[in-house]
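Please read these numbers as outputs of a predicted model, since none were measured by experiment. Quick note: numbers below take in every heavy atom, side chains included, and nothing from hydrogens, waters or symmetry partners. Letters go in sequence order (proteins before strands), and every chain restarts at 1.
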Protein chains: 2
Amino acid sequence: MFKKVIIAEDLDAISLGIEQVLKDLDIVDFQHSKYCDDAFLKIRAAIQKNEPYDLLISDLSFKTNHREVKIANGDELVQKVRELQPDIKIIAYSVEDKNYRIKSLFDNAEIDAFVLKGLNSIEELKKAIHITSTSDQKFISPEVASALQEKNNFEIDDLDIQILKHLSSGTPQDEIIQIFKDLGIKPNSKSAMEKRLSKLKDFFKANNTVQLVFIAKDLGII
Amino acid sequence: MFKKVIIAEDLDAISLGIEQVLKDLDIVDFQHSKYCDDAFLKIRAAIQKNEPYDLLISDLSFKTNHREVKIANGDELVQKVRELQPDIKIIAYSVEDKNYRIKSLFDNAEIDAFVLKGLNSIEELKKAIHITSTSDQKFISPEVASALQEKNNFEIDDLDIQILKHLSSGTPQDEIIQIFKDLGIKPNSKSAMEKRLSKLKDFFKANNTVQLVFIAKDLGII
DNA sequence: TTAGAGATTATGGATTTCCGTAAAATACTG
DNA sequence: CAGTATTTTACGGAAATCCATAATCTCTAA
């Protein structure tokens, strides 16, 4: 079983619940951070002291305060932690239920488990801790297990997302093209833009750009 | 202090935290519902037994399961509870931080307090319980207190919302006009539509329809 | 090196949206 | 009822987008 655990979770009500789980499992050496930055620093410090954590339980969405932060959300945190300490086990604990995002966590940050916050998620969290502590198996909440089977997420690449973000902030297509040209981003013609949009609309079954951006927002892609 | 409390909250991790608060305040007679429907039934049953609750602590967003529900979210719940039992005190406890929605809770459902789930919300929740139990004062988390001062939410009326919803589902403006005509909804000319959209874009500082719908979605209006 | 496939860009016309102005209808007022 | 404001509708040109086709570029394999 894990000896030393760190929790990254901003909502105090929830971290209270998580701590209860750890106590139930007789894990007493745990820390708790309300900010991603803070969690990252603690993890790094622990490595330097040669007392590294062996489990990170992280939320994904964090409230954005006035304060300046380096790491804004859980996605970035787990990514950076994975790079910093490849052997740490990572459990994501979140309400996020969009296949697209969950899959990318497993693919990119190589998280070990994804527990969906829900009506009985405490039990699932316990199970995830058990499984990841005793083996290298992955765990994912049943409700969203389909996320991993999802064949090829039809490769929505980074550029697509950039385009969608620009659109969502009211930039007309022409201007986006200009921005790409200025930044030296390669496919930067009117046609390329239109082709990409048309592919996206096709994929998401959107009639027009308005609906496309709405769907993308709804899916948490932007 | 309150004698009998009911909690409507789907996430088990959070309800655990809330229960902790109640125990700290020596409130022992409390129930907990993971579904709005269930909470409503309990409240109604309690009235019939002549042992009504005197406080409802309710979340706003509830996960939508497969199961059929009558009351889908906290907004509807508090609304119906307020009608059913006008003297009950209601505290909304949510991550929702959009002025538009918070204000409407105070205006329409006449909630007694709004506590924003956050880094130190447990303390605020305690304070809200104290204030509402000993007086008819309202409580609102400092971070979102501005929601109430907001003068006139510039009257986004029902029709505006209908239009936005149609747009978000990919319907072109012309078709929306046609739909309105078929339904006999009064302002149904191209110009009227365009004027409304232009007013909305002005109000939300949106450059175009794409951004407008994005913002509306972000604000939880649609 | 060169033919061909695939990707990128160019072009132009149809459609839709945008935005201002003017006409018509309705509501309000004395 | 007449006159004025307000709202709704009509119209038209500019801008943006949508969509199909053709030209150009890029890379690879023969």
Rounded distance (Å) that lies between atom [atom2] of [N] and atom [atom1] of [X]:
X: B:Leu167; N: D:dT17; atom1: CG; atom2: P; answer: 15 Å
X: B:Gln211; N: D:dA16; atom1: CD; atom2: P; answer: 15 Å
X: A:Ile163; N: D:dT17; atom1: CD1; atom2: P; answer: 13 Å
X: B:Asp174; N: D:dT17; atom1: CG; atom2: P; answer: 17 Å
X: A:His166; N: D:dA16; atom1: NE2; atom2: C1'; answer: 18 Å

Suppose we screen for side-chain hydrogen bond (donor to acceptor under 3.5 Å, both in side chains). Which residues come up paired with B:Gln178, at least two apart in sequence or across chains?
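Per chain and number, B:Gln178 pairs via side-chain hydrogen bond (donor to acceptor under 3.5 Å, both in side chains) with B:Asp182.
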Hydrogens and angles aside, do B:Ser58 and B:Tyr93 bring a side-chain donor and acceptor to less than 3.5 Å of each other?
no
Which nucleotide span of DNA chain C, 5' end to 3' end, has atoms closer than 4.0 Å to non-hydrogen atoms of chain B?
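Range of nucleotides within reach of chain B: C:dT17 to C:dC19.
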Nucleic acid footprint by protein, nucleotides 5-14 of chain D - heavy-atom cut-off 4.0 Å, B for base, S for sugar-phosphate alone:
---BBBB---
Do B:Arg82 side-chain atoms and B:Ile111 backbone N/O form a donor-acceptor pair below 3.5 Å?
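No, because the side chain of B:Arg82 does not come within donor-acceptor range (under 3.5 Å) of the backbone of B:Ile111.
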Looking at A:Glu143, is its backbone amide N or carbonyl O close enough to the side chain of A:Ser141 to form a donor-acceptor pair, meaning the two atoms are under 3.5 Å apart?
no
Nearest non-hydrogen partners of B:Ser169 and A:Asn207, listed with the distance
O-ND2, 4.0 Å
To the nearest 0.5 Å, what is the distance between CG (A:Asp10) and CG (B:Asn120)?
11.0 Å
Salt bridge (Lys or Arg N to Asp or Glu O under 4.0 Å) partner of A:Asp160, the single match among A:Arg196, A:Lys165, A:Lys201, A:Lys195
A:Arg196
Test log, rule salt bridge (charged side-chain N to carboxylate O under 4.0 Å, His left out), inputs A:Asp12 and B:Lys117
CA-CA 8 Å; A:Asp12 52 0; B:Lys117 283 176 184 168; over 6 Å; no
How is B:Ser198 classified with respect to the nucleic acid when contacts are heavy atoms under 4.0 Å: base, sugar-phosphate, or nothing?
nothing
